[in-house]
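Notes for the one structure printed next.
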Amino acid sequence: MNMSRRKFVGGAAAGLLGVNVLPAAEDGQSKPNMTPGEMPLIISTWPFGKAANDEALKVLLAGGSRLDAVEQGIWITETDDQGQHSVGLGGRPNAAGVVQLDSCIMDGPGHRAGSVAALEGIRHPISAARRVMEKTKHVMLVGEGARLFALEEGLESVEVDSHQLYEKWQKQRLKPSPARAENHDTIALLVLAADGNIAGGCSTSGLAGKLPGRVGDSPIIGSGLYVDNEVGAAGATGVGENVMRYCGSFLIVELMRQGLSPTEACQEAIRRIARMDPKGLDLSINFIALDKHGRCGAAGTDKNFQYAVATRSRSGVLENPGLGKAGSGK
Ligand code: ASP
């Protein structure tokens with residue numbers, strides 16, 4: 001994406017930092033790397049990512065760690081029940097009327113990762129993922145095991161009236177609104193800290209009406225999220241089945257390793273997937289990425305995929321024209 005094609009969607013009006021200017025780092029080709037004074041760099045999926053970015057930035061500027069920034073940024077989206085997105089316990093129930101959450105976290109130094117899937121009744125799945133990474137010798141816990149681990153770790157649990165949620169969701173889906181926004185969303189949030197180290201996290205309730213036990217791309221390392229401290233990081237949102245069959249985030253990081261900018265890498269990954277996939281570009285997959293040099297970018301098959309970027313002095317929502325049609329990909 002170059003400067004002239006970028007479309008600024010929100011900043012000052014929605015914003016903490018109130019600077020109605022695009023971050024200089026948001027570019028693949030023409031912009032220079034970020035100056036040290038502009039660091040850190042944070043990018044996340046969807047407009048609701050802006051509040052998460054702003055929180056992550058606050059954590060970093062107050063001296064917090066990159067992992068605290070990722071975790072506490074994502075907390076904002078996980079607790080925002082008014083957001084009409086499918087992150088956290090206010091997200092979309094599965095076909096049995098139960099909200100099952102997927103999340104993962106990854107830290108560049110040490111190449112560490114933690115993940116939880118099909119987790120029920122825990123307020124902050126991102127925290128459960130972080131505890132898996134930091135406190136166990138495993139990478140991924142699922143279902144009841146993940147829930148018991150989270151409870152043992154003292155994470156907040158919430159009694160969920162899943163029947164009521166299901167009824168609410170059924171009513172909502174009768175309303176005429178875009179299928180995409182109604183059915184699924186994920187926060188993937190990537191941080192390039194001022195010291196050059198990278199971390200990322202991802203959290204979602206997945207596709208609305210999914211089969212009980214279905215796990216999407218979001219908690220799968222290399223699919224919904226991937227961090228390589230030598231190169232950069234990528235995260236995904238969209239129809240998980242169309243991301244996880246191609247290890248989407250890993251692919252993007254590898255393309256950046258070969259010299260592509262974040263924007264170019266996201267675009268090339270989508271083109272490559274579309275060449276292989278019988279659905280072509282009708283996949284509903286969207287990616288964000290940042291690299292070690294302080295550049296970030298995005299691409300998606302959804303028309304006008306929106307994502308949020310923050311640096312030390314600027315924060316806003318950007319829009320990507322999209323490589324495909326507005327299709328749902330389902
Ligand atoms: N990728 C998520 C999933 O398939 C949903 C989304 O991002 O919209 O579970």
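For ligands, and for the atoms within them, numbers begin at 1 and follow the listed sequence. As a basis for the values below, the full set of heavy atoms in this structure was taken, side chains included, without hydrogen atoms, waters or symmetry mates.
- The salt bridge (Lys or Arg N to Asp or Glu O under 4.0 Å) contacts involving residues 205-225 comprise Arg214-Glu241, where partners must be two or more places apart or lie in separate chains.
- Remark: ligand 1 and Ala236 share no N or O pair separated by less than 3.5 Å (distance only, no angle test).
- Inclusion of Thr237 in the set of residues having an N or O under 3.5 Å from an N or O of ligand 1 is warranted.
- Under 4.0 angstrom from ligand 1, there are no non-hydrogen atoms of Met244.
- At least one side-chain heavy atom of Tyr226 sits less than 4.5 Å from a side-chain heavy atom of Ile221.
- Linking Ile, Leu, Val, Met, Phe, Trp and Tyr whenever their side-chain heavy atoms come within less than 4.5 Å leaves Val59 and Met39 in two separate clusters.
- Residue Asp217 approaches ligand 1 through these ligand atoms, each under 4.0 Å from one of its heavy atoms: 1 (N), 2 (C), 3 (C), 4 (O).
- Heavy atoms of Thr186 found under 4.0 angstrom from ligand 1 belong to the backbone as well as the side chain.
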Apply the test side chain to side chain contact (heavy atoms under 4.5 Å, CB included) to residues Leu41 and Cys296: give CA-CA distance (whole Å), side-chain angles for both, the deciding distance (0.1 Å), then the verdict.
-> CA-CA 8 Å; Leu41 171 64; Cys296 68; 4.0 Å; yes

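- Residue-ligand proximity, Ser218 to ligand 1, at heavy-atom distances under 4.0 Å covers atoms 1 (N), 2 (C).
- Under the side-chain contact (heavy atoms from CB on, under 4.5 Å) rule, His124 has a single partner from Leu89, Leu101, Thr79, Leu155, which is Thr79.
- Contact analysis leaves Glu241 out of contact with ligand 1, as no non-hydrogen atom separation drops below 4.0 angstrom.
- In terms of polar-atom proximity, Gly238 is counted as a contact of ligand 1, with an N or O under 3.5 Å from an N or O of the ligand.
- Between Asp102 and ligand 1, no pair of N/O atoms sits closer than 3.5 Å.
- Taken to the nearest 0.5 Å, the CG atom of Leu318 stands 11.5 Å off from the CD1 atom of Ile288.
- Sorted by first and then second residue, the salt bridge (Lys or Arg N to Asp or Glu O under 4.0 Å) pairs with a member in residues 189-200 form an empty list; sequence neighbours excluded.
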